[in-house]
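What follows is a short report on a single structure.
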Amino acid sequence: MPSSRTALAAASALAAALCAPLLAAPTASAAPAKYADDFNGDGYRDYAYGGSVTDAGSDGSGTVGVIYGTATGPNGRKQNITQNSAGVPGANEWDDGFGNAMAAADFNRDGYADLAVGVYGEDVGTSKEQGGATIIWGSASGLSGGTTVPNKSPGRYGQMGLDLVTGDFNGDGKPDLALINDHTAHVYVGSFTKSGFSGKVTKLTNDKMFAEHLTAGRVTKDKASDLVVVGGVDGTEHTVTGAWFIRGGSTLTRGKTYKLGTGEDTSWEVDAQIADFNKDGYGDIALGHPNANGAGGVLVWRGGSSGPGSVTRVNQNTAGVSGSMESGDRFGARISVGDVNRDGYPDLAVAAPGEDLDGRADAGAVHILRGSASGLTGSKSQFIDRNTASVPGGLEAGESFGERLRLRDSDRDGHADLFTDYLRLRGHSGGITASGTQQTVWSDFTE
């Protein structure tokens, strides 16, 4: 495992890679969970985060932290889950990466959301870093216990669970799971229960794709979720990065591949989200590309009836976007979707953790790009850093403000709030406001 990827997982919980759109929990015999991350079924969204150095402890095995939601937001009971927790498969071992990737859904349709957790560094017998994935089950008391997701491609250094997402990939109304194993996407469609998995696993083989990251959502207008696989497009890690579209349905259909740029790249750094930014009924694929032209950018691969088509680009040279393109800004290092001003159009938070400000290298900043009838543009965009009025602290060299971020409506007022660097900045009709900024105990959690 390259040390750079290990550091990324520890610092920002590659679950950040947790990019699957939330699906409302399907009807069950019990009162159904309203949200796919309501782990205790009380009607409030809960918050799982992983890879925290503090929570992981000295053994470096990894952890999942959970903060349970309340009527006033994410300030309820806190829980830590490791592989030493009762009923969770495996055991804490150095560099397991437990919690590096997570995705929530009501897998067994009992009315309580469950959490799929990647363990990409898990050693299995003599197979070093074979990896794995576990589903931790929801209940009235929250998350507990777990069931191992079967490994259909076991082997040394397969790193199963490097990334994973949920979606309804066959359109039957039930949540499915997609994950990376041996740098290949695998889609699990069928029944998940506490006894195990029964169903079909499709291995999406592509000799030219070295898969590193997944995102899911509805790009076309049919009922099935689609899948986007991000990785190197000549079969190696350090190469030109591409995004490969897989159309969901009763049969998964391999679609187009879009190359993000030319020349050597680092594919595991590309972030991805799917949202209908112009509300035309088709999901657009946003790709945060922090190495584009040395400064970074966001590419929007527009959705259509047969899949993605045209591409638009937004960067710091786009009209309305603050700043200018400078080498090392890493604009697009992290992206997250949410409607911050409640106008019905999804907006996009974009991190630029390498932004130099007032002579302080890599102080970092966050941009909020607005969705509109014209799609994602620089119009009315916002720029937030430690110098923004009412944001606590001050500019510091090397802070990389925004490197961990998420948009999330945490108080059910219809406005997505911005969470970054242990701060919560509220959404309102004018966008993100720093007025009343709150300190939080976490900075990254399930999408």
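These figures come from a predicted structure and were not determined experimentally.
A donor-acceptor pair is defined here as one N or O able to donate and one able to accept, closer than 3.5 Å; such a pair exists between the side chain of Asn100 and the backbone of Leu162. Side-chain atoms of Tyr49 never come within 3.5 Å of backbone atoms of Ile67 as a donor-acceptor pair (strictly under, hydrogens ignored). Under a 3.5 Å cut-off, the side chain of Glu122 and the backbone N or O of Gly132 do not form any donor-acceptor pair. Counting only distance, with no hydrogens or angles, the side chain of Asn317 and the backbone of Met325 share a donor-acceptor pair below 3.5 Å. In this structure, Asn341 contributes its side chain and Gly430 its backbone to no donor-acceptor pair below 3.5 Å. The closest donor-acceptor contact from the side chain of Asn108 to the backbone of Thr193 lies at 3.5 Å or more, if one exists at all. Using a distance-only test at 3.5 Å, with no hydrogens or angles considered, a donor-acceptor pair links the side chain of Asp96 to the main chain of Glu93. Counting only distance, with no hydrogens or angles, the side chain of Asp106 and the backbone of Gly111 share a donor-acceptor pair below 3.5 Å. With hydrogens and angles disregarded, a donor-acceptor distance shorter than 3.5 Å links the side chain of Asp46 to the backbone of Gly69. In this structure, the side chain of Gln382 does not engage the main chain of Gly431 through any donor-acceptor pair within 3.5 Å.
Between atom CZ of residue Arg218 and atom NZ of residue Lys223 there is a gap of 10.0 Å, rounded to the nearest 0.5 Å. Distance check, rounded to the nearest 0.5 Å: CZ of Arg360 to CZ of Phe401 gives 14.5 Å. With rounding to the nearest 0.5 angstrom, the CG atom of Leu407 is 9.5 Å from the CG atom of Asp339. Separation of atoms CD1 (Ile432) and CG (Asp347) is listed at 8.5 Å; rounding is to 0.5 Å. Separation of atoms CG (Asp163) and OG1 (Thr215) is listed at 8.5 Å; rounding is to 0.5 Å. Atom-to-atom distance recorded for Leu405:CG and Phe419:CZ is 11.5 Å, nearest 0.5 angstrom.
In this structure, Phe383 and Ser322 approach most closely via the heavy-atom pair CB-OG, 3.6 Å. Closest approach of Leu395 to Ala363, counting heavy atoms only: CD2-CB, 4.1 Å. Nearest heavy atoms, Leu164 versus Val117: CD2-C, 4.0 Å. In terms of heavy atoms, Tyr120 sits closest to Gly161 at CB-C, 3.9 Å. Closest approach of Leu115 to Ala48, counting heavy atoms only: CD2-CB, 3.8 Å.
Remark: Asp329 pairs with no residue by the salt bridge (Lys or Arg N to Asp or Glu O under 4.0 Å) rule, at least two apart or across chains. Legend: residues meeting salt bridge (Lys or Arg N to Asp or Glu O under 4.0 Å) with Arg370, ordered by chain and number and at least two apart, are absent. Here Asp411 pairs with Arg424, Arg426 under the salt bridge (Lys or Arg N to Asp or Glu O under 4.0 Å) rule; sequence neighbours left out. Arg313 meets the side-chain hydrogen bond (donor to acceptor under 3.5 Å, both in side chains) test with Tyr258; sequence neighbours excluded. Annotation: ring-ring contact (aromatic ring centres under 6.0 Å, His included) contacts of Phe192 (sequence neighbours excluded): Phe107, Phe197. For Thr433, there are no side-chain hydrogen bond (donor to acceptor under 3.5 Å, both in side chains) partners at least two apart in sequence or on another chain. Qualifying salt bridge (Lys or Arg N to Asp or Glu O under 4.0 Å) partners for Asp343, counting only residues two or more places apart in sequence or in other chains: none. Residues that satisfy the side-chain hydrogen bond (donor to acceptor under 3.5 Å, both in side chains) test with Tyr282, not counting sequence neighbours, are absent from this structure.
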List the atom pairs, with distances to 0.1 Å, where a side-chain N or O of residues 294-310 and a protein N or O form a donor-acceptor pair under 3.5 Å, not counting sequence neighbours.
from: Trp301; atom 1: NE1; to: Gly309; atom 2: O; distance (Å): 3.1
from: Arg302; atom 1: NH2; to: Ser374; atom 2: O; distance (Å): 3.4

Indicate every side-chain donor-acceptor pair of residues 384-394 with a distance under 3.5 Å to a residue at least two apart or in another chain.
from: Asp385; atom 1: OD1; to: Asn387; atom 2: N; distance (Å): 2.7
from: Asp385; atom 1: OD1; to: Thr388; atom 2: N; distance (Å): 3.0
from: Asp385; atom 1: OD1; to: Thr388; atom 2: OG1; distance (Å): 3.4
from: Arg386; atom 1: NE; to: Glu399; atom 2: OE2; distance (Å): 2.9
from: Arg386; atom 1: NH1; to: Pro392; atom 2: O; distance (Å): 2.6
from: Arg386; atom 1: NH2; to: Glu399; atom 2: OE2; distance (Å): 2.9
from: Asn387; atom 1: ND2; to: Asp358; atom 2: OD2; distance (Å): 3.1
from: Thr388; atom 1: OG1; to: Asp385; atom 2: N; distance (Å): 2.9
from: Thr388; atom 1: OG1; to: Asp385; atom 2: O; distance (Å): 3.2

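Under the side-chain hydrogen bond (donor to acceptor under 3.5 Å, both in side chains) test applied with Glu269, the options His289, Arg330, His213, Arg334 reduce to a single match, Arg330.
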>> Evaluate Leu425 against Asp417 for side-chain contact (heavy atoms from CB on, under 4.5 Å), listing each step before the verdict.
In response: CA-CA 6 Å; Leu425 289 75; Asp417 307 316; over 6 Å; no
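Heavy atoms of other residues, nucleotides or ligands lying less than 6.0 angstrom from CG of Asn293 number 12 at most.
Put simply, the side chain of Arg412 does not reach to within 4.5 Å of the side chain of Arg45, judged on heavy atoms.
Within the structure, ring-ring contact (aromatic ring centres under 6.0 Å, His included) contacts touching residues 329-362 (residues at least two apart or in different chains) are Phe331-His367. Within the structure, every pair that satisfies the side chain to side chain donor-acceptor pair (under 3.5 Å) test and touches residues 132-144, not counting sequence neighbours, is listed here: Trp137-Thr147, Ser139-Ser141.
Judged by a 6.0 Å distance limit and a 45° cone about the ring axis, Arg77 is positioned over the six-membered ring of Tyr68.
Checked by atom type, the side-chain pair Thr220/Asp222 shows a donor-acceptor distance below 3.5 Å.
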